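This is a predicted model, so every value here is computed, not measured. FYI, the numbering just counts along the sequence from 1.
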Amino acid sequence: MTALPVWMLLHLVLAASGTWLARRYALKKQLLDQPGERRSHVVATPRGGGIAIVATVLAAIIWLALRGGPESFLLKCFAAGLVLVAGIGWVDDHRPLPAWPRLLVQALAAFLLAWGVHRSTPGLLAPILAFVLAMVLVNVWNFMDGIDGLASSQAAIVALTMAFVLTGGAWEWVAAGLAAALAGFLPFNFPKARIFLGDVGSGALGFLLAGLLAAAFASDRVAWPLLLLPISAFLVDAGFTLGMRILRRERWWAPHVQHTYQKWANRNVSHAGVTLAYAGFSLVAALLVVVGKDWTDYGSAGICLVWFLGAGFLWARMRRDISMSKDARK
């Protein structure tokens, strides 16, 4: 048995054990998400299970950083940013916070990641992209964590894709470890959730994926437009839904059930069915990254444009079908 499978098995076992402990803690402290009109679940469910993923992967990042090497400084910045994002999420899981303090802490974490990328990569494009990715994905993963298994399965697909892209360095181990930790968490979250990620988990997953994508961009292992494909399902659903809410002058940061995945799940479709459909979409996107690893930037940009146009059309078609089915039941 080679070292990488052992590494992944260790992450899986630690995350699964940690999730079991996190569930016991949540039940003891009554950290429960109650059903309501702005939620998609119907049974009070413990939250905060993502702390197990965070603790497992954070320990791995610190260990890799302390080994030294050219990636050490970036990994240390990455670890510090992860502590900030997970920390503010953990506090929010215990006592809900206003949006702005959370955004400020997330911005500081994004700056730390960007600073690490800046010190490791020439030019300004990579650190700017790292900052934007961190701010966007932390909140996108928080917005999209609303039904059983969706956010965790999507993160696992992205992490596995990045493990393929980032072969031969510390970041491959981070990506593989994250994918394995999510595999340890998923049985508690899918097909029927016994515990949710919580803000500590959803925000941290967004930050972890931002770091992996930033590292992949800086490594120049694959044409940069392809890096957007594995996260396209979440970007399209969250982006269009957010845009609609802003245009309607709604409180876009407030909890709601207006995402397409939520409307679909609430239309008498099981959470598992929606999660698997999104997973199928993202697996095809991941396959495009694998197949197109040696494509040029221009070819990749063309594929990416077609993919996102198709995803946008699919999103609009699903919204229309859901709306028509509601009208037909009236």
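Looking at heavy atoms from C-beta onward, F207 lies out of side-chain contact with L137 at the 4.5 angstrom threshold. With contacts defined as side-chain heavy-atom distances shorter than 4.5 Å, the pair H118/L124 qualifies.
I195 approaches A22 most closely through the heavy-atom pair CD1-C, 3.9 Å. Of all non-hydrogen atoms in A151 and L197, the two that sit nearest each other are CB-CD1, 3.9 Å. Nearest heavy-atom pair across A265 and I147 is CB-CG2, 4.0 Å. In terms of heavy atoms, L32 sits closest to R47 at O-NH1, 2.8 Å. When every heavy atom of V222 is checked against every heavy atom of G292, the shortest pair comes out as CG2-O, 4.4 Å. In plain terms, the two heavy atoms of M144 and L150 that are nearest each other are O-CD2, 3.5 Å.
Using modelled atom types and a 3.5 Å distance limit, the side chains of D33 and T45 yield no donor-acceptor pair. Residues T241 and Q258 have side chains that never bring a donor and an acceptor to within less than 3.5 angstrom of each other. For S300 and W295, the side-chain atoms include no donor-acceptor pair closer than 3.5 Å.
Remark: the backbone N or O of Y278 is paired with a side-chain donor or acceptor of Q154 at under 3.5 angstrom.
Annotation: K293, atom NZ; neighbour count of heavy atoms from other residues, nucleotides and ligands within 6.0 Å is above 12. More than 12 heavy atoms of other shown residues, nucleotides or ligands fall within 6.0 angstrom of atom CZ in R248. Surrounding CH2 of W115 are at most 12 heavy atoms belonging to other residues, nucleotides or ligands under 6.0 Å away.
Using a 4.5 Å cut-off between side-chain heavy atoms of Ile, Leu, Val, Met, Phe, Trp and Tyr, V200 falls into a hydrophobic cluster with Y25, L31, I51, W90. Cluster partners of L186, using a side-chain heavy-atom cutoff of under 4.5 Å among ILVMFWY residues and allowing indirect links, are F190, L276. Hydrophobic cluster of L108: the remaining members, joined at side-chain heavy-atom separations below 4.5 Å, are L84, I88, V91, L97, V105, L112, listed by chain and number.
Both L287 and L166 are assigned to one and the same hydrophobic cluster, defined by single-linkage of ILVMFWY side chains at heavy-atom distances under 4.5 Å.
Between W141 and F234, the gap from one ring centroid to the other is short of 6.0 Å. Taking the six-membered ring where the residue is Trp, the centroids of W63 and W173 are separated by 6.0 Å or more.
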